[in-house]
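Here's the structure we're looking at; comments come further down.
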Amino acid sequence: MINTPRGTYDILPEEAKKWQLLENTLRKWCKRYQIQEIRTPIFEYTDLFQRGVGETTDIVQKEMFTFSIKNKENSDKDDIKSFTLRPEGTASTVRAFINNKLYGQPQPTKLFYMGPMFRYERPQAGRNRQFSQFGIEVFGSDHPSIDAEVISFANHIFKDLGIKNVRLEINSVGCPTCRQQHKEIMMNKLAEVREELCTDCDNRFERNPLRILDCKNEACKQLTQDAPLLSDHLCSDCDEHFKSVQKYLLALEIPFHINPRLVRGLDYYTQTAFEFMEDSIGAMSTICGGGRYNGLVEQLGGQDTPGIGFAIGLERLLLALDNNKTTIEDDYGIDVYAIALGEEAHVAVLKMIDQLREHGLDCEKDFLNRSMKAQMKAANRLKAKHTIIVGEAELADNKAIIRNMETSEQQAISFDGVVNYLLGGSK
Ligand code: HAM
């Protein structure tokens, strides 16, 4: 027997229903906020993520699914290209924004995406190697009200889904100017403990010391207890921006907690960074992470354009839904189940449900020649609103029995009239 690769899983029909309902809710909110869908390739040139997500990140250093393919159309040359399964959606969306000149449209551009991402991580509850993200990216405005709009969008989704104990943490990770200053102060301060830091932090020391503040290693946490926080060294523009974002969040009555150590694991962030946490789902409690990335469009070859967005991990969101005992409204009962007893009856009902389906009704019938009792059980399992029953007696009379499953009322209707009756009756 062949199993799914480690860190991947099948979504079976019952579970797929939950996904569809969740996706419908997310699409509904996108429409409300006038955010439009973008679909980008599942794999991109490796370069995109190296430059977009950042060389010093865990994603690029350890977690990418990368493969090299020789260009078969060009077999005599040494033309080998490196591709990577997308580990996240921001870099691809920025690439698409530039490639397709979306900056030429009225701004801001508000995009969303939903789909599989790939990271080679150690699997555990809420952490998979293939996982799904719903993300949004907004380009073309650096006004602090759009930061609050993006955060409030996520907040509305969690509220609508009945996820009660969600916590919002925010921080500002500044701009290259204040970051450079902070980096120097940080390196001076941490120089004496550098040797005691974990290998990851030792690597980050020169390239991106800010990430040391976010290390989950207990020893590093202790050693950096008094490390200088970027929030105390923000330049006046970044400080003002951060304060304005808070003002808008307060106006929207969205509770938040400022976490000065929140730096996020991707290199592109500037100014606002935020995460939504839901503790019931365990160690992998961050269900949503995002922030502003004002330099990324330019860094990937476009014009200087501000951007902000977030991504929600859908597996984690579904775990949170289960833990909050939230069931999304499921209106999956079918309209008609046709019960047939005997070969000729099967012909008659197949014709009827064929016509009913053409008129837009959801129908099912028995295909296993089961007993009346077993077919009725199937109708109940599928939450059928009506059943059509045709046996030998009905065939002889040219009439079908239509049963309203809610009221248990039954009527004999001539074969010719069944479709009309049900179209009127089940609307
Ligand atoms: P991220 O924090 O790397 O950000 O991922 C966002 C969310 O994806 C996480 O909070 C988590 O819910 C989910 N996630 C990440 N890795 C896994 C995994 N291995 N298994 C299951 N779920 C996972 C980004 O990806 C940024 N692109 C977000 C963003 C958009 N920032 C600005 N725009």
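Just so you know, ligand 1 is whichever comes first in the structure, and atom 1 is the first atom listed for that ligand. Sequence positions, counted from 1, serve as the residue numbers for this chain.
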Query raised in the report: Less than 6.0 Å separating the ring centroids of F158 and F276?
Result: yes

Return the closest protein heavy atom for [atom] as residue, atom name and distance.
{"atom": "atom 6 (C) of ligand 1", "value": "Q133 NE2, 3.4 Å"}
{"atom": "atom 20 (N) of ligand 1", "value": "N128 N, 2.9 Å"}
{"atom": "atom 9 (C) of ligand 1", "value": "T286 O, 4.0 Å"}
{"atom": "atom 33 (N) of ligand 1", "value": "E137 OE1, 2.8 Å"}
{"atom": "atom 4 (O) of ligand 1", "value": "R264 NH2, 3.0 Å"}

Ligand 1 versus [X], non-hydrogen atoms closer than 4.0 Å: side chain, backbone, both, neither?
{"X": "E275", "value": "neither"}
{"X": "E121", "value": "side chain"}
{"X": "L266", "value": "side chain"}
{"X": "M117", "value": "neither"}
{"X": "P87", "value": "neither"}
{"X": "R129", "value": "neither"}

Numbering as shown, the atoms of ligand 1 that approach [X] to under 4.0 Å (heavy-atom distance):
{"X": "A311", "value": "6 (C), 7 (C), 28 (C), 29 (C), 30 (C)"}
{"X": "G289", "value": "10 (O), 28 (C), 29 (C)"}
{"X": "E88", "value": "25 (O), 26 (C), 27 (N)"}
{"X": "T90", "value": "26 (C), 27 (N), 29 (C), 30 (C), 31 (N), 32 (C), 33 (N)"}
{"X": "Y269", "value": "26 (C), 28 (C), 29 (C), 31 (N), 32 (C)"}
{"X": "I287", "value": "10 (O), 12 (O)"}
{"X": "G290", "value": "31 (N)"}

I'd like to know if [X] pairs up with [Y] as an ion pair, taking the criterion as any Lys NZ or Arg NE/NH1/NH2 lying under 4.0 Å from an Asp or Glu carboxylate oxygen.
{"X": "K18", "Y": "D322", "result": "yes"}
{"X": "R194", "Y": "E192", "result": "no"}
{"X": "K221", "Y": "D214", "result": "no"}
{"X": "R204", "Y": "D202", "result": "no"}
{"X": "E63", "Y": "R129", "result": "no"}
{"X": "R292", "Y": "D142", "result": "no"}
{"X": "K17", "Y": "E14", "result": "yes"}
{"X": "E275", "Y": "R264", "result": "yes"}
{"X": "D160", "Y": "K28", "result": "yes"}
{"X": "R86", "Y": "E88", "result": "no"}

Query raised in the report: Taking distance alone, with no angle check, do R127 and ligand 1 share an N/O pair under 3.5 Å?
Result: no

Query raised in the report: So is there a nitrogen or oxygen of Y293 less than 3.5 Å from a nitrogen or oxygen in ligand 1?
Result: no

Report task. With atom 26 (C) of ligand 1 as the reference point, say which of F118, F310, F276, Y268 has the nearest heavy atom. Result -> Y268

Requested in this report: Is it possible for you to check whether K365 lies under 6.0 Å from the centre of the six-membered ring of F367, through NZ or CZ, and within 45° of that ring's axis?
Outcome: yes

Query raised in the report: Closer than 4.0 angstrom: is that true for some heavy atom of G265 and an atom of ligand 1?
Result: no

Query raised in the report: Can you tell me if G126 has a non-hydrogen atom under 4.0 Å from ligand 1?
Result: yes

**Report entry** Test item: H386 and R403 side chains (from C-beta on) under 4.5 Å apart, heavy atoms
**Finding:** no

